[in-house]
Amino acid sequence: QVQLVESGGGSVQAGGSLRLSCEASGYIYSSTYLVGWFRQAPGKEREGVAAIYTGGKSTYYSDSVKGRFTISQDNVKNTVYLQMNSLKPEDTAMYYCAALRGILYGGSWRNSLNYNYWGKGTQVTVSS
């Protein structure tokens, strides 16, 4: 059973930076996983922020974070990171990482329904 644990959230002022971590356990050896970061603010729908395939180089970003956020991974540690720079108050949300095993064919990485495994989330608060 895959388990995901997020960390690194906190409170920062606008323009600041945070790095979120998503540590995975229970991965099946030599399998590929798509790991995505999602966020959800109160009263809003869950939004896909970024995604990456384990062991690969393909990365995906939403338009709202492109150029400010960077997703990366350490395959030895089974950890995916989300470096968030130039943070804005509208980035305030609970951030979740999610994973699905395999290659996503014909579906969108942004669709939370495509993911099988979820962490419990880490809160990011950006003040103006």
Check: Asn75 and Thr54 side chains under 4.5 Å, non-hydrogen atoms = yes
Is there a side-chain contact between Val2 and Tyr27 (heavy atoms, below 4.5 Å)?
-> yes
Would you give the length of the straight line joining atom CD of Gln83 to atom CD1 of Ile71, rounded to the nearest 0.5 angstrom?
-> 12.0 Å
Minimum heavy-atom separation for Val126 to Lys88, with atom names?
-> CB-O, 3.3 Å
Rounded to the nearest 0.5 Å, what separation is found between the OG atom of Ser58 and the CD1 atom of Ile52?
-> 8.5 Å
Mind checking side-chain hydrogen bond (donor to acceptor under 3.5 Å, both in side chains) for Arg68 and listing every partner two or more places apart, or none if nothing turns up?
-> Asp91
Would a hydrophobic clustering, with Ile, Leu, Val, Met, Phe, Trp and Tyr connected at side-chain separations under 4.5 Å, put Ile103 with Tyr33?
-> no
Determine whether Glu47 and Ser64 make a side-chain contact, defined as any pair of heavy atoms from C-beta on separated by less than 4.5 Å.
-> yes
Which pair of non-hydrogen atoms, one from Leu20 and one from Met84, has the smallest distance, and what is that distance?
-> CG-CE, 3.7 Å
Could you verify whether a donor N or O on one side chain and an acceptor N or O on the other, from Asp74 and Thr79, lie under 3.5 Å apart?
-> no
Of all heavy-atom pairs between Ala41 and Ala93, which one has the smallest distance, and what is that distance?
-> N-CB, 3.9 Å
Passes side-chain contact (heavy atoms from CB on, under 4.5 Å), Thr92 versus Val124? Steps please.
-> CA-CA 5 Å; Thr92 295; Val124 171; 5.8 Å; no
Kindly compute the distance separating OH (Tyr117) from SG (Cys22), expressed to the nearest 0.5 Å.
-> 13.5 Å
Would you find more than 12 non-hydrogen atoms of other residues, nucleotides or ligands less than 6.0 Å from Glu90 atom CD?
-> yes
Given side-chain hydrogen bond (donor to acceptor under 3.5 Å, both in side chains), test Ser25 with Gln1 step by step and report yes or no.
-> CA-CA 8 Å; Ser25 60; Gln1 181 75 4; over 6 Å; no
Do the numbers put Arg39 on top of the ring of Tyr96, so that NZ or CZ is under 6.0 Å from the six-membered ring centre and no more than 45° off the axis?
-> no
Does the ring of Tyr81 carry Arg19 above it, NZ/CZ under 6.0 angstrom from centre and within 45° of its axis?
-> yes
Check: Phe69 ring centre within less than 6.0 Å of Trp37 ring centre = no
Leu34 versus Tyr115: any side-chain heavy-atom pair under 4.5 Å?
-> yes
Write down the atom of Asn85, the atom of Ser17, and the distance for their closest heavy-atom approach.
-> OD1-OG, 2.9 Å
For Glu6 and Cys97, the nearest pair of non-hydrogen atoms, with its separation, is OE2-N, 2.9 Å
Scan residues 109-128 for pairs that pass salt bridge (Lys or Arg N to Asp or Glu O under 4.0 Å), counting only residues two or more places apart or in two chains.
-> none
Measuring from Leu100:CG to Thr32:OG1, what's the distance to the nearest 0.5 Å?
-> 10.5 Å
Side chain to side chain donor-acceptor pair (under 3.5 Å) pairs, two or more places apart, involving residues 98-109 = Ser31-Arg101
Within a reach of under 6.0 Å around CD of Glu23, are more than 12 heavy atoms found that belong to other residues, nucleotides or ligands?
-> no
Might you point out which heavy atoms bring Tyr61 and Ala50 nearest each other, and give the distance in Å?
-> CD2-CB, 3.7 Å
Flag side-chain contact, heavy atom, 4.5 Å: Tyr95 against Gln123 = no
Is it true that Leu82 and Phe38 fall in one hydrophobic cluster, defined by side-chain heavy atoms closer than 4.5 Å?
-> no
Quick check: does any side chain N or O of Gln73 sit under 3.5 Å from a backbone N or O of Tyr53, one acting as donor and the other as acceptor?
-> yes
